[in-house]
Amino acid sequence: MEIKSTDASDFKLVYDSSFTLLMRVSYHIVYNEDIAEELVQEAFERFYVKNMTFPSVDEAMFWLIRVTKNLALNHVRRHKRELNMVEKVKKMPGEASSNQDGSKQLIEQETIQAVRKAIESLPDNLKIVIKLKEYTDLDYKGIGKVLGISESNVKVRVFRARKKLEELLGKEDGYVY
Amino acid sequence: MCIDEQLISSYLDGELCEPYKSQTEEHLSYCKACNARLEKLKKVSDLVKLSSPSDEVLSKGKDEVFALLEKKYLGQKKKHISFLRRKFEVTFPTMVTSAAAVVVIFVGGFVLFGSNSSQTNEIVPSFNLQAGQDNVRFVSNKEQGLDSYSLEEIMKYLDSKGYEVDISIKGLKPLEETSTEPTSLE
């Protein structure tokens, strides 16, 4: 089914099927819900304005993921200093409890911080692959399409990222395991 | 011999295709070391997956954002922006070009189609080249051409007017004198 980005029903279809996924991609790069939402909105605006045609919903979604990812990475690059401040404020004891929800109660806040730190310490090419792998429902093929790399390359990077994370999380603190 | 750990990672993601998948499964069924590796990788993967806000939290702004986008783009499609309310943006070179074009058309219009001679005289005094009854004089209205006169008559006429005439005769074959004489008058 062909998707036209300016067609109202097509737009709605793509929007509904990809919003949450894009939010996950965006959030795990900027680590801020509001900014993540802004960036996803921006991605959809571009999607509409560019007036493009895609062969399928999936293809449209790949495009959107790619754009969202790039927007988020650019945002991080530009606002590195501000984001560091935000992180510091977040780590202050009073603030930490305010943004808790279901899944965060299952897993301790501290552990989340440790995992995040481990992921962020990975080299860039592994970082984005493991984020797409674990936070979206994409398979190797889809990730390859989004990033413009081969399926086997994705496979290798996912594995390497996992090994590194295993190492980082294992040695760093005993409570993870 | 144990299987490659990368295969285990792919197996965990459910991305192994058939011959390898069953082979890996078979190996995992008895190899404790590989099972431990699988467990480790799975733990890392789950840990990463879990350290994310839930989908409800992330998608709470979904409808809001859509409403915004709808208002901004999708709704606007039916509203046609009228010609007069549209914003025109003109760059500087365009402005210069169009100004020059206006001048050329204005002047050109006068030169080509403008007005009779008296008007031209008023606007551009030194530019009165228009042909009219007052500045064109008919020299002759006889219908005869030059060849209705004999050479002698022409010579006589030119002589009386004070012209110095030089006649030369050119022929390709000098012996045939019966051919008509080409003449050139100067």
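The structure displayed is predicted, hence computed values, not measured ones. Convention: sequence-line order gives letters A, B, ...; per-chain numbering from 1.
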Excluding sequence neighbours, so at least two apart, what forms salt bridge (Lys or Arg N to Asp or Glu O under 4.0 Å) with A:Lys163? A:Glu166, B:Glu5

Of the non-hydrogen atoms in B:Leu12 and A:Arg162, which two are nearest, and what is the gap between them? CD2-NH1, 3.9 Å

So for B:Leu68, is it side chain, backbone, both, or neither that comes closer than 4.5 Å to the heavy atoms of chain A? side chain

Can you tell if the side chain of A:Phe11 reaches within under 4.5 Å of the side chain of B:Leu69, non-hydrogen atoms only? yes

More than 12 heavy atoms of other residues, nucleotides or ligands under 6.0 Å from CZ of A:Arg160: yes or no? no

Report yes if the side chains of A:Phe159 and B:Ser10 come closer than 4.5 Å at any heavy-atom pair, otherwise no. no

Could you list which of residues 13-23 of chain B have a heavy atom closer than 4.5 Å to any heavy atom of chain A, in residue-number order? B:Asp13, B:Glu15

Using non-hydrogen atoms only, which part of A:Val40 is less than 4.5 Å away from chain B: side chain, backbone, both, or neither? neither

Following the transitive rule for hydrophobic clusters with a side-chain heavy-atom cut-off under 4.5 Å over Ile, Leu, Val, Met, Phe, Trp and Tyr, establish whether A:Tyr31 and A:Leu22 coincide in one cluster. yes

Nearest non-hydrogen partners of B:Val44 and A:Leu165, listed with the distance: CG1-CB, 3.7 Å

Are B:Leu41 and A:Val156 joined in one hydrophobic group, where the rule is that I, L, V, M, F, W and Y side chains link up if heavy atoms are under 4.5 Å apart? no

Roughly how far, to the nearest 0.5 Å, is the CZ atom of A:Arg157 from the OG atom of B:Ser9? 14.0 Å

Heavy-atom distance under 4.5 Å to chain B: side chain of A:Asp16, backbone, both or neither? both

Where on A:Tyr135 is there a heavy atom nearer than 4.5 Å to chain B: the side chain, the backbone, both, or neither? side chain

Quick check on B:Glu64: does its CD atom have over 12 non-hydrogen neighbours (other residues, nucleotides or ligands) under 6.0 Å away? no

A:Phe54 reachable from A:Leu147 in the ILVMFWY side-chain graph, under 4.5 Å edges: yes

Under a 4.5 Å cut-off applied to non-hydrogen side-chain atoms, are B:Gln6 and A:Ser152 in contact? no

Atom pair CZ (A:Phe44) and CZ (B:Phe66), whose distance is rounded to the nearest 0.5 Å: 9.0 Å

Distance col, row A:Lys133:NZ vs B:Lys49:NZ, nearest 0.5 angstrom, shows 6.5 Å

